[in-house]
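Heads up: the structure comes next, in structure tokens.
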Amino acid sequence: MTSPASAPAAPTPADASATRPALRFITCGSVDDGKSTLIGRLLLDSRAVLQDHLAGVTRSGQTDLALLTDGLQAEREQGITIDVAWRYFATEARKFIIGDAPGHEQYTRNMVTAASQADAAVVLIDATKIDWQAPLPALLPQTRRHALLAHLLRVPSIVFAINKLDAVAQPAAAFAHIRDALQAFAQEAGIQPAAIVPISALMGWNVAAPNPDEPGWCGYQGPALLPLLEKLPVTPSESALPLAFPVQWVEKNASSSDTRQGRRIFWGRVAAGQARAGEAVQLLPSGHTARIAQVLDHTRQPQSGINAGHSAGLVLDRELDLSRGDWITAAAQPASGSQAGEAGEFDEFDTPAAQPAWPVTRELQAPLCWLDDEPLTPGRVYWALHGHRWLKAKARRVLHRLDIHTLQPQNADRLEANAIGRVELALQEAIPAAPFATSRALGALILVDAATHRTAAAALAG
């Protein structure tokens with residue numbers, strides 16, 4: 001029997017914070033819904049604000065929490081959020097990376113950028129802007145748009161936070177009616193919200209802790225927002241997928257005299273799978289095959305393998321031509337027994353070809369969010385960025401546009417700014433474009449206007 005003295009010590013809260021992966025989440029929603037104020041409250045209540053910083057945003061004894069994140073001069077002058085402001089803080093249970101996304105339609109591209117790398121999204125709803133007395137009040141268009149974009153970008157957890165309930169006459173009734181409207185919208189859009197929480201970012205109620213003066217405020221019995229965020233999962237790792245490694249930089253090691261391997265190091269971040277020494281790989285777009293002779297970490301130390309999400313340097317077993325934008329992927333898999341048939345049934349002329357780990361394509365039907373003021377029109381050619389490769393892409397046709405009010409696809413021959421739709425693209429070269437639901441790195445494309453060089457769209461494969 002194990003004595004208490006020899007039993008392992010239970011992990012302390014500090015140990016949990018150090019071992020649990022950091023949660024990257026964003027706040028989004030319509031204009032002036034209280035996103036910056038909410039982040040300021042989280043920073044303040046988690047003691048992540050220095051006294052001199054706090055003094056700098058205090059006027060006449062009142063602290064303007066929004067100024068803790070609005071750092072640009074134009075943001076402070078206009079009282080709006082323009083760019084995404086990233087902040088870092090930690091509690092005893094977890095570390096956080098939080099992004100304050102702008103609410104204006106004009107800056108939707110910034111929200112998309114932030115959501116594309118988020119583990120969770122907190123969508124704020126301003127109760128004072130909604131006819132909360134109606135049984136199913138209408139939601140603001142930008143609230144619906146941001147929620148749809150977060151869902152389209154496969155953000156794993158979406159939390160609806162109904163803000164400014166301290167400023168309405170009947171907070172419990174307002175919360176109940178707005179919650180019902182959000183649930184109806186989420187069900188129709190195919191969104192499964194992690195929670196719907198009533199909060200007052202200004203007063204701090206249900207942000208880090210419940211309302212101290214009224215337990216069960218608004219009839220809500222669930223956890224406050226911060227304890228809820230402490231338990232949300234991060235984006236699942238893509239390490240279980242086949243290797244996909246986009247080459248970002250090529251370094252020539254001219255001083256090496258080892259002829260058993262190539263003399264160049266291919267640097268980048270492992271997008272999927274695991275880069276392992278000795279693994280057979282296929283190079284794209286050339287199709288050549290090789291083996292990984294050596295795997296280096298970011299400090300140039302040899303490793304047996306490096307998982308997805310981490311930077312690495314790969315040395316191949318022979319000299320092959322690879323440039324920035326090319327891919328090093330897992331080798332094609334031989335045809336299975338069911339494909340090749342029993343021994344003797346096929347000869348070398350009709351044996352099925354090996355199946356590539358990441359098939360390449362030159363045609364995509366991609367859902368996208370159009371971000372440019374110049375509408376998307378079929379027939380136009382844009383620059384597309386996939387991984388680190390630039391190539392030309394022609395918009396063949398608009399398949400449909402999504403009506404954010406009815407959530408129904410509509411026939412369309414163009415997409416206006418901030419529209420969400422589905423487009424058929426023809427690519428100049430074949431790329432390993434996997435469905436975005438499978439891999440964020442291989443399934444994401446950016447379209448850029450070839451004339452103005454403005455970012456035109458965020459497109460998703462699959």
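Judged by distance alone, with hydrogens and angles left aside, the side-chain atoms of Q333 form a donor-acceptor pair with the main-chain N or O of A331 at under 3.5 Å. No donor-acceptor distance shorter than 3.5 angstrom exists from the side chain of N206 to the backbone of V197, with no hydrogens or angles considered. A donor-acceptor pair under 3.5 Å is absent between the side-chain atoms of R396 and the main chain of E424, judged by distance alone. Side-chain N or O atoms of R145 include one that pairs as donor or acceptor with a backbone N or O of N418 at under 3.5 Å. A distance-only check finds no donor-acceptor pair linking the side chain of R24 to the backbone of T235 [under 3.5 Å]. Side-chain atoms of R414 do not come within 3.5 Å of backbone N or O of L376 as any donor-acceptor pair. Side chain of R154 to main chain of L152: a donor-acceptor pair is present (N/O by atom type, distance under 3.5 Å, no hydrogens or angles). Without hydrogens or angle criteria, R362 side chain to A426 main chain gives no donor-acceptor distance under 3.5 Å. The backbone N or O of Q274 lies less than 3.5 Å from no partner atom in the side chain of N307, so there is not a single donor-acceptor pair. Under the 3.5 Å distance criterion, the side-chain polar atoms of R440 are matched with a main-chain donor or acceptor of S116.
Here the closest non-hydrogen pair linking W217 and D166 is CZ2-N, 4.0 Å. Taking both residues in full, the closest heavy atoms of R389 and P285 are given as NH2-CD, 3.4 Å, listed atom of the first, atom of the second, then distance. Heavy atoms only, all atoms of each residue included: A147 and I191 are closest at O-CD1, 3.8 Å. In terms of heavy atoms, I199 sits closest to A161 at CD1-CB, 3.9 Å. Nearest heavy atom pair, residue N163 against residue A201, reads OD1-N, 3.0 Å. Between P375 and E416, the closest heavy-atom pair is CG-OE1, 3.3 Å.
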Report task. Go through I158 and V123 one step at a time and tell me if the side chain to side chain contact (heavy atoms under 4.5 Å, CB included) criterion holds. Result -> CA-CA 7 Å; I158 297 177; V123 184; 4.0 Å; yes

**Report entry** Step-by-step side chain to side chain contact (heavy atoms under 4.5 Å, CB included) determination, W390 to I446
**Finding:** CA-CA 10 Å; W390 287 98; I446 296 174; 5.8 Å; no

Requested in this report: Show the numbers, then the answer: is there a side chain to side chain contact (heavy atoms under 4.5 Å, CB included) between I178 and I125?
Outcome: CA-CA 9 Å; I178 299 174; I125 298 93; 4.1 Å; yes

**Report entry** Test side chain to side chain contact (heavy atoms under 4.5 Å, CB included) applied to L415 and V398, step by step
**Finding:** CA-CA 8 Å; L415 291 180; V398 177; 4.1 Å; yes

Requested in this report: Give the intermediate values and the outcome of salt bridge (charged side-chain N to carboxylate O under 4.0 Å, His left out) for residues K35 and D100.
Outcome: CA-CA 7 Å; K35 299 179 291 298; D100 182 15; 5.8 Å; no

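Expressed to the nearest 0.5 Å, how far CG of L402 lies from CD of Q408 amounts to 8.5 Å. Between the SG atom in C218 and the CD atom in Q170 there is a gap of 11.5 Å [rounded to 0.5 Å]. Note that OG1 of T361 and CD1 of I431 are 8.0 Å apart. Values are rounded to the nearest 0.5 Å. Note that the CH2 atom of W267 and the CZ atom of R324 stand 15.5 Å from one another [nearest 0.5 Å]. Here the straight-line distance linking atom CG of L182 with atom CZ of R144 works out to 10.0 Å at 0.5 Å rounding. Taken from CZ in R269 to CZ in F245, the straight-line distance is 11.0 Å, to the nearest 0.5 Å.
A heavy-atom distance below 4.5 Å is found between the side chains of V159 and L225. Counting heavy atoms from C-beta on, the side chains of Q142 and T108 come closer than 4.5 Å. Taking 4.5 Å as the limit, some side-chain heavy atom of T143 sits within range of a side-chain heavy atom of D33. Annotation: side chain of P367 is not in contact with side chain of I420 (no heavy-atom distance under 4.5 Å). In this structure, H177 and I130 have side chains that are not in contact, with every pair of non-hydrogen atoms separated by 4.5 Å or more. Counting heavy atoms from C-beta outward, V155 and D119 have side chains that stay 4.5 Å or more apart. Residues W132 and L165 have side chains not in contact (no heavy-atom distance under 4.5 Å, counting atoms from C-beta outward). With a 4.5 Å cut-off on side-chain heavy atoms, P141 and I404 count as touching.
Atom CD of Q187 is surrounded by 12 or fewer heavy atoms from other residues, nucleotides or ligands within 6.0 Å. Around atom CD of Q192, no more than 12 heavy atoms belonging to other residues, nucleotides or ligands sit under 6.0 Å away.
Ring geometry for F185 versus F160: interplanar angle over 60°, hence perpendicular rather than tilted (30 to 60°).
Taking a cutoff of 4.0 Å between a charged side-chain nitrogen and a carboxylate oxygen, D449 and R454 do not qualify as a salt bridge.
In this view, W358 satisfies the ring pair (Phe, Tyr, Trp, His ring centres under 6.0 Å) rule with no residue, not counting sequence neighbours. Take H386 and apply the ring pair (Phe, Tyr, Trp, His ring centres under 6.0 Å) test, not counting sequence neighbours, and it matches W327. In this structure Y382 satisfies the ring pair (Phe, Tyr, Trp, His ring centres under 6.0 Å) test together with W370, sequence neighbours excluded.
A donor atom on one side chain and an acceptor atom on the other are not found under 3.5 Å apart for T452 and E374.
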